[in-house]
Amino acid sequence: MKKTVLALAAAAALLASPSVGADKVRIGFVTTLTTPAGVIGRDMQDAVNLAIQDIGGKMGGLEVELIVEDDGFKPEVGKQKTDKLVKQDDVHFVAGFIWSHVLLASRKSALDGGKFLISSNAGPSQIAGKLCHENFFSTSWQNDQTPMAMGEVLNQRGVKSLYVMAPNYAAGKNMVAGVERTFKGEILGKDMTKWGKDAQLDFSAELAKAKASGAEAIFVFYPGKAGGAFIRQYQQAGLQDDIALYTVFTVDAIALPNLQKAGMTGVLGSLNTQFWGPDLDTPQNSKFVSGFKKAYGRYPSFYAAQSYDTIFLIKSAVEAVGGNLDDMDGMRAAMKKADFPSVRGAFRYGNNHFPVQNFYLRKVVEDADGVWTTTVIDTVLKDHQDVYAAECKM
Amino acid sequence: MDAGLVAAQLLNGLQLGVLLFLLASGLTLIFGIMDFVNLAHGSLYMVGAYLCAELTDATGSFLLAVALALPATALVGAAVELLVVRRLYRRDHLDHVLATFGLILCFDALVQMIWGPEGMAIRLPAWADGQQHLPGGLVFPTYRLLIIGAGLAVAAGLYVLVVRTKLGMRIRAGASNPAMAGALGIDIGRLFTLVFALGAVMAGLAGMMIAPITEASIGMGNEIIITAFVVVIVGGIGSIRGAFVAALLIGLIDTMGRSFLDMALKLAMSAQAAETSAPALSAMLIYILMAAVLAFRPQGLFPPKTR
């Protein structure tokens with residue numbers, strides 16, 4: 001009797017799962033909602049919700065259904081969640097992905113399942129090069145590009161010697177490779193630190209080494225929480241007088257509020273490179289930044305900007321085929337055109353479906369309301385394409 | 001290799017060591033006296049950090065916040081003991097692990113509900129925020145020196161408490177033979193609650209001290225607790241002295257590995273191979289030490305005298 005009841009219950013549960021029809025655009029969004037990196041996931045989720053609200057919850061006459069999944073900062077969990085989105089929810093688009101190693105672990109599940117895969121952040125070299133795929137698109141950048149721009153900035157400013165620090169994972173390696181590719185001076189030392197759910201956050205030993213190396217400047221890539229922790233310790237060690245700070249993806253709208261609260265004034269005036277900035281003057285960006293600040297009471301991060309773009313990219317695809325979600329070829333052709341209002345302004349897609357776009361130099365400043373943010377002060381690279389595109393046979 | 005760098009790294013290692021000691025001393029007491037495996041000890045470290053951050057905001061003074069957050073963390077520890085842990089002493093270690101792993105998830109979720117995912121920064125008072133010029137031209141962050149000083153002071157205080165006071169005598173009696181201690185009229189239940197709260201206070205203090213450096217964040221204790229367990233095993237379960245020596249040893253090994261291993265490896269292999277293998281190998285060093293201790297001296301370096 002008990003078995004029968006269980007079987008019936010299981011059957012009922014199966015039947016009760018969401019009916020799969022083409023009446024809705026189903027978007028799966030994989031990001032990190034737990035662990036300290038959950039603060040990034042929240043920013044992305046908030047931006048996606050804002051974007052869906054801004055388009056009235058509809059694309060090409062169809063309703064949008066968003067399914068957000070937490071990867072727990074782990075590649076294997078990201079893959080499981082992607083499998084679930086592809087097989088159980090039968091989504092049309094799998095998007096999101098903060099981390100390169102999570103995206104690399106999950107890409108096969110989405111692409112083999114015949115879905116579009118859209119990276120709202122991660123841009124590992126492999127996917128830009130040999131592993132490129134017709135159904136993959138990026139609304140961010142390839143990992144190497146932003147540090148390449150920073151290497152140019154260092155050259156322009158006459159920096160001769162550099163110390164490099166990054167976490168030891170796929171993107172960290174790309175970031176280091178990027179700055180090494182363009183920086184013409186000497187790299188006096190390098191530290192790759194432990195990363196993941198149990199990432200190293202105390203950099204006392206590494207900072208002492210950096211100082212002892214006698215380098216003029218330090219290049220750092222520490223996304224999310226680790227960025228704030230790094231800056232804090234950099235200032236507590238009094239290094240701002242010895243070794244100038246240049247960062248990528250470290251000093252952003254995620255780290256700045258807590259740095260301001262902790263009184264880390266050493267970060268004001270520090271330079272970073274990025275494809276976007278909250279004050280970048282495009283119509284879509286003004287709408288996005290003011291809408292985001294109004295809805296959530298804080299500046300959006302670049303993660304949020306890319307996530308906002310993700311929804312508009314998908315919308316351009318769905319509208320191009322008049323809501324016929326079976327028309328994969330039509331949607332792919334539409335996305336290739338990058339014909340949507342992007343927060344970064346107009347850009348085009350390269351053969352590997354990564355944006356060919358500008359990279360800007362940004363400086364940390366205090367805005368009119370006394371809030372710390374970044375402002376774009378120069379264009380470093382114009383219409384820049386990543387170097388791995390040449391390895392992509394597409 | 002310059003002497004100034006070695007000296008700076010020794011201080012950094014010492015600072016990590018005293019922090020590990022604060023965590024491991026509570027862990028080893030709870031493990032040694034109550035035979036209880038407490039994975040959630042790291043959660044108390046996190047709770048201490050968050051309470052201190054919240055109170056720093058409310059009172060505007062970091063020191064006052066620490067003074068208030070310590071008893072508050074003790075209360076949380078006592079509550080955990082009375083409500084959850086107390087029911088588990090008679091169960092086996094696997095049940096302890098399962099239950100306290102559940103506690104970790106509860107604490108993480110609770111902190112996310114109360115304070116959100118973004119973490120809490122603590123602003124240091126100006127006098128603690130600068131650097132000190134030490135003899136030999138060494139410049140070291142003031143706050144890290146304070147951590148070393150406070151940690152050593154707590155270690156000394158704990159030594160006096162355990163070795164010189166009546167309470168300490170009861171704790172030692174409980175550690176040696178709880179059944180006998182109970183038979184001699186010591187209220188074992190109360191003693192256990194007290195020891196658990198004491199462990200919580202020390203873990204909380206460690207969290208409060210690290211928070212101005214890395215900020216309070218969800219799950220911050222889950223990594224360091226693993227290192228603290230290594231300290232407990234290397235030092236000998238139940239031994240405060242062992243925890244102290246092992247904590248300093250592991251703090252130094254970890255820091256020195258991160259500092260000099262890549263340089264050492266470059267002598268033997270290509271720069272590229274050294275750069276990628278050094279972080280992995282330096283993360284493994286402390287586990288190699290633990291494996292060696294388990295192989296040659298399974299009772300730990302300084303096991304308690306009577307078991």
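Labels below follow one simple rule: chain letters A, B, ... track the order of the sequence lines, proteins then strands, and each chain is numbered from 1. Atoms considered below: every heavy atom in the structure, side chains included; atoms not considered: hydrogens, waters and symmetry mates.
Contact annotation for Asp254(B): neither backbone nor side-chain heavy atoms come within less than 4.5 Å of a heavy atom of chain A. For Ala199(A), the part sitting under 4.5 Å from any heavy atom of chain B is the backbone (N, CA, C, O) and nothing else. Ile122(B) touches chain A through its backbone: at least one of N, CA, C or O sits under 4.5 Å from a heavy atom, while the side chain does not. For chain A, the nearby part of Gln9(B) is the side chain; its heavy atoms alone come within less than 4.5 Å. For Lys190(A), the parts sitting under 4.5 Å from any heavy atom of chain B are the backbone and the side chain alike. Using a 4.5 Å cut-off between heavy atoms, Asp191(A) contacts chain B through its side chain alone, with no backbone atom that close. If you measure heavy-atom distances from Leu33(A) to chain B, the contacts under 4.5 Å come from the backbone alone. Only the backbone of Phe203(A) comes within contact range of chain B, with at least one heavy atom under 4.5 Å from a heavy atom of that chain.
No side-chain N or O of Arg123(B) forms a donor-acceptor pair with one of Gln260(A) less than 3.5 Å apart. Defined by atom type and a distance below 3.5 Å, a donor-acceptor pair is present between the side-chain atoms of Asn258(A) and Glu215(B).
Between Ser204(A) and Arg258(B) the shortest side-chain heavy-atom distance falls below 4.5 Å. A 4.5 Å side-chain heavy-atom check between Asp202(A) and Ile210(B) finds at least one atom pair inside the cut-off. Within the 4.5 Å cutoff, side-chain heavy atoms of Gln236(A) are placed close to those of Ile213(B).
Note on Lys209(A) versus Asp262(B): salt bridge recorded, some NZ/NE/NH1/NH2 to OD/OE distance being below 4.0 Å. The existence of a salt bridge linking Glu223(B) and Lys194(A) is confirmed by a sub-4.0 Å separation between a basic side-chain nitrogen and an acidic carboxylate oxygen.
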